[in-house]
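So you know, we letter chains A, B, ... as the sequences are listed, proteins then strands, and number each from 1. Remember, it's a predicted structure, so these values are computed and weren't measured experimentally.
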Amino acid sequence: KDSAHLPHTSVGLNKVKRVTVICVLQDINSNMWNMKQLAYGALARRANQIKAELRQGVRKPYKEVIDVFRGDLHGAGMKPLTFVRQVLAACVYPPLINSNNLPLDVRQRAQKELGRCVGGSVGSYSAAAGIPEIVHSISEFIKRRDGGIPSHPENIYISPGSQWSISNILNVLVNREASPRTGVLIPVPCHNKTVLSITQLGAVTVPYYLSEEQAWALQVEELQRALESAKGVCSPVALYVINPEIQQVFIPVIRFAWEKRLFLLVDELYQDCVYGENCEFVSYKRTLSEMGPPFSGTVELASFHSVSKGFLGECGLRAGYVELVNLDPAVMKHIHTIFSKDSCAPVLGQIALDLMTDPPKPGDPSYPLYKQIEHIRAVLVHNVKRVHEVINSLPGFSCPPFEGGLFAFPRLNLTPKAVQKAKELGLQPDTFYCTRLLEEGGVFTSPGWEYGQKEGTYHIRFCIAAPQDIMEELLRRLSSFHMTFMKDFS
Amino acid sequence: MKSMYKITLQLQRCARDITNMSQQAVNGISHRGRVLTLDSMNPNVKRVEYAVRGPIVQRAVQIEKELKEGVKKPFTEVIKANIGDAHAMGQKPITFFRQVLALCSYPALLEDSKFPEDAKKRAQRILEACGGHSIGAYSTSQGIECIRQDVARYIEKRDGGIPSNPDNIYLSTGASDAIVTILKLLVCGEGRDRTGVMISIPQYPLYSAALADLGAVQINYYLDEDNCWSLNITELRRALNAAREHCNPRVLCIINPGNPTGQVQSRQCIEDVIRFAKEEHLFLMADEVYQDNVYAEGCQFHSFKKVLFEMGPEYSNTVEMASFHSTSKCYMGECGFRGGYMEVINLDPEVKAQLIKLVSVRLCPPVPGQALLDLVVNPPQPDEPSYATFMKERTAVLSTLAEKARLTEQIFNTVPGITCNPVQGAMYTFPGITLPQKAIDKAKELGLVPDMFYCMRLLEEDGICLVPGSGFGQREGTYHFRMTILPPTDKLKVVLQKIREFHLRFTQEFS
């Protein structure tokens with residue numbers, strides 16, 4: 001916890017000392033203190049500063065910052081899908097529906113989407129769970145994806161991004177007044193937003209380590225160890241897993257959740273990001289269903305997806321959904337109320353979700369162009385290979401082969417000298433590396449520390465969804481910087 | 001190298017184990033109940049209600065389905081006058097805003113001569129500020145910097161030059177998101193030290209819902225129905241002193257212009273509230289989403305921040321405050337974009353650092369909503385091509401609303417048993433209804449709150465969906481409903497007429 005002892009004075013807007021401030025650090029929700037202070041803020045500020053300096057013509061060893069900090073395809077230079085943006089534009093400004101400049105199927109689709117909006121406008125609220133026809137579309141998409149296993153629209157809620165629904169479901173699970181406190185098992189490494197959500201709600205994270213030696217595989221024995229470690233510390237109610245991105249052992253995990261009475265929270269945002277040969281995404285829900293009774297009818301599961309990742313990459317539109325499986329109907333009523341007080345997800349985002357789950361089909365005028373996604377996939381497959389090649393060719397840098405997800409998470413073997421220097425600067429060693437990489441190489445990555453890693457190991461994380469030429473440039477700069485860095489601290 | 005999804009192999013390996021487990025289950029040994037039940041779930045969540053989308057709306061949706069299926073009813077459509085959604089009721093969006101947003105969505109349209117130059121300029125500026133020049137990229141959690149700068153400039157202009165710092169502006173997913181964020185930050189303590197939050201009765205039920213969810217203590221202060229829903233400092237003091245017995249009051253929420261009551265606070269009143277907040281060490285939350293919706297003669301919107309600063313440094317340096325605004329109301333009515341912001345004043349820097357952590361959890365507010373907000377605070381100027389149309393549309397929306405506000409008050413006050421305060425601002429009317437004792441008894445019989453019973457009957461008989469006053473809070477023994485003034489004027493006249501007839505019928509039936 002940060003120090004809670006501050007004098008009751010502070011500097012206000014006009015820099016006059018004042019007394020009896022209502023709200024100092026110890027006056028706020030104490031869960032805030034427990035939320036990890038991420039390096040992101042400082043790094044992002046510096047990245048923005050550098051971008052501004054470059055715009056002003058300040059000389060640097062690079063002409064622009066390569067921003068691969070987040071899983072943000074557009075931010076890294078990938079282009080939005082034309083069909084999606086044409087439909088959205090026509091929905092936003094309906095006179096475009098009569099414009100011959102847009103393909104017929106775009107105009108028809110826009111008309112269809114607007115017909116589903118109350119008052120025919122994307123500016124009106126939708127139903128709390130989302131526009132009913134779009135929710136239905138999502139359930140059909142899930143059914144198709146899962147080989148015909150039914151998906152019920154009333155179990156689906158659309159929200160402004162997946163983190164929003166993860167927060168809502170956690171909120172229902174976490175009993176603030178419970179003693180011992182509610183625990184949630186989370187993987188290490190893990191998306192830091194989910195960890196922040198858990199902490200903010202006053203629950204405890206129970207880390208289970210993914211096995212770096214086995215390309216970040218989840219091992220059930222490790223789940224067992226983690227659960228044991230929670231004894232006397234907290235009361236775990238949920239197990240959060242990410243699918244894909246790492247090797248999964250679905251059936252033992254589901255059995256584990258069944259045996260140990262854990263609610264399964266399954267992050268499946270990266271289901272489109274599967275690259276290996278003969279690799280096909282299989283959802284946890286499908287596996288659960290195929291396992292049959294007693295599991296299929298009892299293990300409670302929440303699966304999350306969104307328009308932010310995959311080929312649409314529409315992070316800024318903020319639309320995701322959760323599908324809830326095997327939940328108590330009485331609890332579902334309350335979940336509905338929780339979502340309804342949030343009003344609804346942004347309508348443009350909902351429409352993007354509809355386009356994602358019900359895209360152009362062969363024969364539609366926009367289908368050939370929509371096949372842009374094949375090109376995107378090819379770029380990702382290529383990038384994955386190149387990253388693996390280049391990183392592993394550098395001393396003090398290693399990267400297991402990865403077949404899914406949007407990030408590389410290579411391991412840095414930093415010298416004691418480098419670690420020492422970082423300590424002197426008050427930085428985590430990998431944060432220090434990322435800071436220098438940003439300054440000297442103009443590449444904005446994030447430190448492994450933000451996501452969790454085994455003590456004494458260091459990593460960096462960067463998004464591999466960038467156009468090929470940008471990825472090559474990134475790898476060139478990274479190699480050059482890395483060699484210099486390793487030499488400087490040898 | 002192991003491939004990721006060797007399900008068959010795993011199935012074979014586990015098949016034997018599963019058979020054993022199933023056997024155990026069949027033997028009744030490990031019957032597994034649900035993890036998440038009414039008993040195990042967060043008890044606070046069970047206390048959350050949100051009347052605006054509550055049971056009466058669910059029934060309205062059901063009735064709409066029935067109508068679609070051809071079920072015969074005494075009406076052909078359900079008029080949803082429950083929710084403050086202007087476009088749903090036929091209000092048209094502002095052309096300029098939609099043009100810029102279309103250009104942002106599909107930048108190839110920048111080549112299209114049908115779009116005016118000023119719209120293209122705005123779009124280009126916004127796109128330049130977006131990652132990868134796309135509204136699909138994440139922004140920073142606090143919101144795109146140049147948009148926050150524009151918001152700060154708007155606030156300065158609105159408030160007669162009082163400085164606004166973009167660092168104190170946080171863009172959000174609608175104003176509701178920002179309101180809940182501040183409450184999440186402030187609510188703490190246990191037992192008698194639990195944070196108490198003062199909110200007007202009647203109130204917009206987001207507040208009661210959020211307070212229930214957070215396990216905060218709700219401190220009700222009653223607005224004065226006999227005096228146009230005005231706010232009384234004596235009443236604030238009464239509520240505060242009573243609350244001090246059982247909680248730690250730290251926050252005072254005020255909605256101005258009011259929802260559901262529509263009153264526009266006088267400048268004197270705002271000063272008094274600020275003075276009260278300072279004396280009693282309360283954090284002020286000023287919900288100002290209806291700031292352009294002011295209709296009554298002699299009424300004017302005064303921002304809390306402006307008044308605070310005009311009261312001098314003794315107040316402007318000390319009172320801690322957050323003001324909220326949104327793109328959902330006023331003349332824009334763009335609820336579906338989820339755009340909004342808050343401005344925080346005098347927040348301790350270390351508390352601000354924690355606030356940043358909190359807003360980062362949801363990554364960032366929707367970028368189209370941020371873009372829309374930029375246009376709202378930076379609309380066409382007199383020397384720009386789109387100005388004339390923009391002003392025409394804006395004036396038309398606001399004057400129509402003003403007219404409907406007057407009409408509503410006028411007609412409701414002709415109905416014996418309905419008393420309607422002037423709708424000074426916002427988008428709603430909250431008339432008091434006198435219910436015969438027999439109706440109240442009947443409601444009790446049915447297990448319904450009396451004004452819910454009244455509204456349900458109105459829905460079933462006339463297809464008009466309102467929200468019962470009990471959803472917003474009201475003095476014990478009084479009954480109200482909230483109706484929006486958003487239906488188009490002709491339809492509104494019909495609605496008012498129908499409600500009048502219904503009320504007379506209802507009163508007659510239970511006399």
Side-chain angles (χ1 to χ4, degrees), chain A residues 10 12-14 16 18 21-25 28-29 32 35 70 72 74-75 77 80 85-86 88-89 92-93 118-119 121-125 128 160 163-164 172 174-175 193 196-197 237 247 251 258 261 263 279 282 294 298 300 314-316 318 328 330-331 334 337 340-341 346-348 403, chain B residues 3-5 7 10 14 25 32 34-38 41-42 45-46 48 50 53 85 87-88 90 93 98-99 101-102 105-106 131-132 134-138 140 173 184-188 206 209 281 283 317-318 320 333-338 346 348 350-351 354 357 361-363 366-368:
Chain A
S10 192
L13 201 62
N14 291 345
V16 170
R18 63 182 198 274
V21 171
I22 298 160
C23 194
V24 287
L25 210 52
I28 62 169
N29 184 340
M32 303 295 133
M35 288 165 76
R70 282 162 146 170
D72 186 347
H74 299 188
R85 291 309 189 83
Q86 286 174 333
L88 290 179
V92 163
Y93 189 57
V118 190
S121 165
V122 295
S124 56
Y125 287 121
Q163 274 304 321
W164 197 291
V172 180
V174 175
N175 188 340
K193 303 303 177 213
L196 288 176
S197 276
V237 303
Q247 273 188 329
I251 291 174
W258 188 87
R261 293 182 48 77
F263 188 108
C279 268
V282 176
T298 57
E300 291 138 284
E314 297 282 7
C315 314
R318 313 311 296 121
D328 183 325
V331 173
H334 292 292
T337 310
S340 73
K341 77 164 177 31
V347 173
L348 283 187
E403 292 179 316
Chain B
S3 142
M4 287 175 79
Y5 302 107
I7 295 289
Q10 291 164 0
C14 298
R32 182 216 199 252
R34 284 198 165 97
V35 173
L36 187 56
T37 62
L38 286 181
M41 69 181 276
N42 180 352
V45 169
K46 286 191 281 196
V48 174
Y50 184 66
R53 287 173 180 261
D85 186 344
H87 291 199
R98 292 304 190 86
Q99 286 174 333
L101 291 166
S105 303
Y106 185 49
S134 164
I135 57 168
Y138 285 122
T140 62
T173 306
K184 275 186 181 156
L185 191 68
L186 296 176
V187 173
C188 62
L206 165 73
H281 305 302
F283 187 103
N317 284 347
T318 61
E320 287 151 72
E334 298 278 14
C335 313
F337 276 86
R338 316 306 297 118
N346 291 330
D348 181 290
E350 292 190 319
V351 172
Q354 303 300 317
K357 266 194 216 171
V361 176
R362 286 166 175 186
L363 289 129
V367 176

Peer 1: I'd like to verify something: which residue of Pro368(B), Gly131(B), Ala137(B) has the highest number of heavy-atom pairs under 4.5 Å with chain A?
Peer 2: Ala137(B)

Peer 1: Search all heavy atoms of Ala88(B) against all heavy atoms of Ser124(A) and return the closest pair with its distance.
Peer 2: N-CB, 3.8 Å

Peer 1: With the side chain counted from C-beta on, respond yes when Arg318(A) and Thr173(B) share a heavy-atom pair under 4.5 Å apart, and no when they do not.
Peer 2: no

Peer 1: Using a 4.5 angstrom heavy-atom cutoff, name the option from Leu185(B), Val187(B), Val367(B) with the most pairs to chain A.
Peer 2: Leu185(B)

Peer 1: I'd like to check the side chain to side chain donor-acceptor pair (under 3.5 Å) partners of Ser134(B); sequence neighbours left out, ordered by chain and number.
Peer 2: His74(A), Arg85(A)

Peer 1: At their closest point, which heavy atom of Gly123(A) faces which heavy atom of Glu334(B), and how far apart are they?
Peer 2: CA-OE1, 3.2 Å

Peer 1: If you compare all heavy atoms of Val35(B) against all heavy atoms of Val237(A), which two are closest, and at what distance to 0.1 Å?
Peer 2: CG1-O, 3.6 Å

Peer 1: Asp328(A) and Arg34(B): which non-hydrogen atoms are nearest, and at how many Å?
Peer 2: N-NE, 3.3 Å

Peer 1: Go through the structure and list residues passing side chain to side chain donor-acceptor pair (under 3.5 Å) with Arg53(B), not counting sequence neighbours.
Peer 2: none

Peer 1: Show the nearest heavy-atom pair for residues Asp72(A) and Gly136(B), with the distance to one decimal.
Peer 2: OD1-O, 4.3 Å

Peer 1: Measuring from His334(A):NE2 to Leu38(B):CG, what's the distance to the nearest 0.5 Å?
Peer 2: 5.0 Å

Peer 1: Chain B: which of Ala128(A), Gly77(A), Pro80(A) shares the most heavy-atom pairs with it under 4.5 Å?
Peer 2: Ala128(A)

Peer 1: Is chain B contacted by the side chain of Val122(A), its backbone, both, or neither, given a heavy-atom distance below 4.5 Å?
Peer 2: both

Peer 1: Tell me whether Lys341(A) contacts the main-chain N or O of Val48(B) through its side chain, where contact means a donor paired with an acceptor under 3.5 Å.
Peer 2: no

Peer 1: Tell me the closest heavy-atom pair linking Val92(A) and Ser105(B), and the distance in Å.
Peer 2: CG2-OG, 4.3 Å

Peer 1: Within this structure, what is the NE2-OH distance for the pair His87(B) and Tyr125(A), rounded to the nearest 0.5 Å?
Peer 2: 11.0 Å

Peer 1: Would you mind telling me which of Leu186(B), Ile135(B), Leu206(B) has the largest number of heavy-atom pairs within less than 4.5 Å of chain A?
Peer 2: Ile135(B)

Peer 1: Name the member of Val331(A), Leu348(A), Leu88(A) that forms the most heavy-atom pairs with chain B at distances under 4.5 Å.
Peer 2: Val331(A)

Peer 1: Under the 3.5 angstrom rule, does the side chain of Glu300(A) hit a backbone N or O of Leu36(B) as a donor-acceptor pair?
Peer 2: yes

Peer 1: Against chain A, label Arg338(B) side chain, backbone, both or neither, depending on which of its atoms sit under 4.5 Å from a heavy atom there.
Peer 2: side chain

Peer 1: CZ of Arg362(B) to CH2 of Trp164(A): how many Å apart, nearest 0.5 Å?
Peer 2: 4.0 Å

